[in-house]
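Here is the structure we will look at.
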Amino acid sequence: MEVTKLIVLPAVLALFVLFLHFIKRIIKLRKLNLPKGTLGFPFVGESFEFLKANLEGKQIRFIQERMKKYDSKVFKTSLFGENIAVFCGPAGNKFLFSNENKNVQVWWPSSVKKLLRLSLVNKVGDEAKVTRRLLMSFLNPETLRNYLPNMDRIAQHHINTHWKGKEQVVVYPIIQLYTFELACCLFLSMEDPIDVSNLSSYFEEFLKGIIGFSINFPGTRFHKAMKAADEIRKEIKMIMKKRKVDLDEKKASPTQDLLSHLLATPDTSGRFLNEVEIIDNILLLLFAGHDTSRSVLSLVMKYLGNLPQVYEQVLKEQLEISQGKEAGELLQWEDIQKMKYSWNVASEVLRLSPPVGGAFRDAIKDFTYADYNIPSGWKLHWNTHTTHMDPTLFSNPEKFDASRFEGEGPTPYSYVPFGGGPRMCLGQEFARLEILVFMHNIVKRFKWDLVNPDEKFKYDPMLEPENGLPIQLQPSQYTW
Ligand code: HEM
């Protein structure tokens with residue numbers, strides 16, 4: 001009896017305190033002028049509607065319906081157990097991008113936090129600044145230009161191995177081999193196809209569990225992703241162990257790849273990242289660095305397949321570049337600068353179909369935005385679609401028109417596939433190079449027709465084609 005009392009009484013008390021806390025919070029929220037919208041059922045909120053719209057490739061629908069219903073560019077919702085205010089339009093983007101460390105800080109759902117542990121995405125404030133600078137010293141254009149010929153070599157080898165001689169290919173899984181091979185080579189000097197393919201299969205599991213409920217129970221997507229992350233970490237750790245010895249014995253170069261760079265370079269405070277930080281950051285960059293580009297390149301293949309005039313213009317630009325080079329000479333930095341039209345095409349693809357739908361911030365204090373109160377602890381979401389598909393910012397937003405990016409291009413804070421501000425994507429230049437190198441090689445070698453020109457793309461969590469995007473290939477007459 002006494003024992004029961006000892007257990008039950010504290011439990012009842014704890015529940016009572018929790019209940020009081022809940023009531024206090026509701027009273028506080030009621031007094032505030034919160035953005036319009038609904039928080040839905042406790043914990044699940046509107047998560048299922050959000051996930052359903054994503055799976056149908058209609059993330060925009062979830063946002064637009066609510067913007068219309070509440071007649072506002074900011075509305076509230078609840079996703080994955082969090083109260084969220086969605087900030088729409090250039091003003092919302094500008095506010096969130098320019099208030100980092102003032103009113104807001106970067107925030108990711110707990111599935112991302114748990115999977116990416118000590119990496120940059122879980123750092124805020126000065127710590128994030130220092131880590132970003134260190135990673136950027138590898139990902140900036142000055143460093144990456146040295147790796148460009150290697151990127152070209154990998155693209156050519158990939159096309160010779162997986163595309164040449166085929167009448168039909170399924171684009172999405174094949175392009176993953178290119179973007180993943182490239183990331184493995186530049187980050188870890190890993191080139192053995194079997195090693196690359198083994199690691200790649202873990203990333204498939206990892207990706208499927210990264211956005212969603214972080215329920216670590218056998219059979220859930222998140223559980224599989226955690227297991228896959230452990231395997232990836234083991235592999236990186238093994239490579240790192242050997243690399244340390246090779247660096248000591250001068251058998252490896254401190255500039256040969258990202259791993260060597262992180263082992264040999266201190267951050268701006270003079271500190272070297274510890275082993276776990278190096279592993280987690282490489283895991284982050286391997287993940288962020290190949291799935292996004294794979295999605296964009298699959299979409300580039302879709303749009304070029306459906307728009308013969310655009311394909312012809314890209315081909316013309318790329319042939320002019322090849323004609324100015326010796327046979328067999330690899331792409332150089334100057335060649336990339338000439339690929340203006342091709343990059344406008346890729347940019348238009350990124351506008352119409354951004355692989356990352358947006359990102360989150362955490363309100364680190366109470367503040368007001370557009371006359372609404374945003375309580376500290378709420379999460380804020382900016383979404384690429386709210387500006388990319390706004391007819392007042394992009395006329396005929398549904399139409400593919402690469403010329404939008406000529407001259408001054410879109411107005412500030414309206415074109416945001418890579419985000420903005422101090423937490424903007426670190427891999428923008430890396431992505432630009434790998435996309436352009438691939439476009440250069442593929443248009444010179446092939447023309448193609450989509451098996452299903454209307455094949456849909458859905459977010460899961462990255463934009464991916466429903467059936468992998470099969471295409472019919474016709475080899476081109478140009479032989480470089
Ligand atoms: C076309 C391809 C890509 C797109 C569309 C893209 C998009 C994005 C977006 C929207 C964010 C969130 C920004 C924010 O919170 O404001 C982000 C963050 C990030 N991206 Fe990318 N990304 C791409 C490729 C890459 C590549 C190739 C890498 C690495 C090599 C990379 C590394 C990162 C990292 C490390 C972050 C987190 C930055 C931070 O928290 O400070 N991304 N990316």
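In listed order, ligands and their atoms are each counted from 1. One-based numbering along the sequence shown.
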For the ring-ring contact (aromatic ring centres under 6.0 Å, His included) test, which of Phe457, Tyr311, Phe400, Trp448 pairs with Tyr303? Phe400
Is the contact between Gln428 and ligand 1 made by the side chain, the backbone, both, or neither, using heavy atoms and a 4.0 Å cut-off? neither
If you scan protein heavy atoms around atom 36 (C) of ligand 1, the nearest is Leu426 N, 4.2 Å
Answer side chain, backbone, both or neither: which part of Leu135 comes under 4.0 Å from ligand 1, heavy atoms only. neither
Enumerated ligand 1 atoms positioned under 4.0 Å from heavy atoms of Arg132: 38 (C), 39 (C), 41 (O)
Counting heavy atoms only, which part of Val416 comes closer than 4.0 Å to ligand 1: side chain, backbone, both or neither? neither
Please state which protein non-hydrogen atom is closest to atom 24 (C) of ligand 1 and give its distance, to 0.1 Å? Thr292 OG1, 3.2 Å
Among all protein heavy atoms in this structure, tell me which lies nearest to atom 37 (C) of ligand 1, with the distance rounded to 0.1 Å. Val121 CG1, 4.0 Å
Candidate with minimal heavy-atom separation from atom 10 (C) of ligand 1, of Gly420, Ser119, Pro417, Ala359: Pro417
Pair Ser189, Asp257: side-chain N/O donor-acceptor within cut-off below 3.5 Å: yes
Tell me whether the rings of Phe367 and Phe87 are parallel (<30°), tilted (30 to 60°) or perpendicular (>60°). perpendicular
So is His290 in contact with ligand 1, going by heavy-atom distances below 4.0 Å? no
Residues Lys52, Glu49: salt bridge by 4.0 Å N-O rule: no
Is any side-chain N of the basic residue among Lys234 and Asp230 closer than 4.0 Å to the acidic one's carboxylate O? no
Show the atoms of ligand 1 that are less than 4.0 angstrom away from any heavy atom in Leu285. 29 (C), 35 (C)
Between Lys227 and Glu205, does at least one N-O distance fall below 4.0 Å, as a salt bridge requires? no
Contacting atoms of ligand 1, where contact means under 4.0 angstrom from a heavy atom of Val356: 7 (C), 10 (C)
Quick one: do the His381 and Asn383 side chains pair a donor with an acceptor below 3.5 Å? yes
Side chains of Asn452 and Asn467: donor-acceptor distance under 3.5 Å anywhere? no
Using a 4.5 Å cut-off on heavy atoms from C-beta on, say whether the side chain of Leu283 contacts that of Phe203. yes
Nearest protein heavy atom with distance in Å, relative to atom 13 (C) of ligand 1: Arg423 O, 3.3 Å
Salt-bridge present (Arg221, Asp460; N to O < 4.0 Å): yes
Does a donor on one side chain and an acceptor on the other come within less than 3.5 Å for Ser260 and Arg243? yes
Shortest heavy-atom approach to atom 29 (C) of ligand 1 - which of Gly289, Pro354, Cys425: Gly289
Taking 4.0 Å as the limit for heavy-atom contacts, which would you say applies to Arg361 with ligand 1: side chain only, backbone only, both, or neither? side chain
Identify the closest protein heavy atom to atom 28 (C) of ligand 1: which residue and atom is it, and at what distance? Gly427 CA, 3.4 Å
Would you mind checking which non-hydrogen protein atom is closest to atom 25 (C) of ligand 1, with the distance to 0.1 Å? Ala288 O, 3.4 Å
Which atoms of ligand 1 are found less than 4.0 Å from any heavy atom of Val296? 1 (C)
Would you mind running through ligand 1 and noting each atom that sits below 4.0 Å from a heavy atom of Leu284? 35 (C)
With side-chain hydrogen bond (donor to acceptor under 3.5 Å, both in side chains) as the test, would you mind laying out the steps for Ser293 and Thr179 before giving the verdict? CA-CA 7 Å; Ser293 316; Thr179 56; over 6 Å; no
What do you reckon, does Trp382 put a non-hydrogen atom under 4.0 Å from ligand 1? yes
Proximal ligand 1 atoms for Ala431, defined as those under 4.0 Å from one of its heavy atoms: 1 (C), 2 (C)
